[in-house]
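Here is how names work: the chains are called A, B, and so on, in the same order as the sequence lines, proteins then strands, and each is numbered from 1. Because the structure is predicted, anything quoted here is derived from the model rather than measured.
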2 protein chains.
Amino acid sequence: MSVVDTKRPNNDLNQRLGVSGFRFTPQRQRVYDVLWEKRDHPTAEEVFIRAKHRMPDISMATVYNCLDALVKSGLARQVTLERGATRFCPNMEEHCHYYCDTCGEVFDVPFPTESAVMPHPLGFKVDHYDIAVHGLCAACAAQKNS
Amino acid sequence: MSVVDTKRPNNDLNQRLGVSGFRFTPQRQRVYDVLWEKRDHPTAEEVFIRAKHRMPDISMATVYNCLDALVKSGLARQVTLERGATRFCPNMEEHCHYYCDTCGEVFDVPFPTESAVMPHPLGFKVDHYDIAVHGLCAACAAQKNS
DNA sequence: CCCTCATTTAGAATTATTCTAAATCTTGAC
DNA sequence: GTCAAGATTTAGAATAATTCTAAATGAGGG
């Protein structure tokens, strides 16, 4: 736990789950840890593989269950950038995702949504923003020009 | 063609496809028409069902092919709001999607992206923005309070 | 300790999308 | 016009992603 866990909420996972009506379980802890170990927006299957290393009996269904519980408890975000597998992200600060359509890399960029004044449909109650920017990362752009 | 096709690009579909290396076909025309007939962000399967009414022999694989051709030609956008089927949208003006997490309805709201100054990762070449706002629509919000 | 209910698990089932191979169609060269 | 090359369509198979099911386990409250 020495490494990069900047801004990880110090609130007890136990408590955060409890507020949303979920129980704390070792599996949920493990899945949450996996998300923090490498913030590279893994898919459910990638989380499954990584979780298995230290918890070999965990099942795919449990990974989905845990991810859903974390999302519903406000401890992780679902990120749907394109067709195919959904990705997950434990960064709950307001930010947007720069997505390289060529190599698939995702970059988190802090972005305060109040800086953009958007006209809402009448009576719409906003829960959260989901901002993706598609394009070419520097590396892939360089490759294309060569 | 009398109805609501505001802002539909008057450019020839033929030509727009051609520029991207695709051929014009009746199926692509039909799929494009379906998207304009009812701008409710249908899934590929919904497009398939609607397209079939006037073109009974069209197949699912063709619908996917046509949608991909339209997206690659800049005539439609892919919209991935949540897990599950991708939706499609022929509105190419800059706009964001307000999405009701309860009833699934999608509202297009014009939104000039240059109004939000975002810091890009170094060297990133932006292709397009994909902005979703999740929450509760007016109708669903009302229902919850009663 | 017992009851209830949440959770986990493996595997089946479902849904969404992509792939394959054969048939058809278009286009450009001759 | 005829022909070859290559794009497109089609049905169906295959794959990928997710959800469901039913049985087993586990934890908390009385």
Euclidean distance, atom CZ of residue B/F24 to atom P of C/dT26 [Å, nearest integer]:
11 Å

Out of C/dA6, C/dT17, C/dT8, which nucleotide sits closest to the side chain of A/R23?
C/dA6

Go through D/dT10, C/dT9, C/dT18 for me and flag the one nearest to the B/I58 side chain.
D/dT10

Heavy atoms from C-beta onward define the side chain here; which of D/dT10, D/dT18, C/dT8 lies closest to that of B/S59?
D/dT10

If you check the A/N65 side chain, which of C/dT8, D/dT8, C/dT17 turns out closest?
C/dT8

Shortest non-hydrogen separation from B/Y98 to A/V126 and the atoms involved:
CE2-CG2, 4.3 Å

DNA chain D: B/D57 or A/M60, which has the more 5' nearest nucleotide?
B/D57

Phosphate OP1/OP2 of C/dT15 contacted by B/R83 side-chain N/O (<4.0 Å)
no

Quickly work out the A/N14 CG to C/dT7 P distance and round it to whole Å.
12 Å

Under 4.0 Å between any heavy atoms, over every strand shown, what does A/T43 touch: base, sugar-phosphate, or nothing? Just pick one.
nothing

Name the nucleic acid region contacted by B/A61, choosing base, sugar-phosphate or nothing; use a 4.0 angstrom heavy-atom cut-off, strictly under.
base

Would you please confirm or rule out a distance under 4.0 Å between OP1 or OP2 of D/dT10 and any side-chain N or O of B/T62?
yes

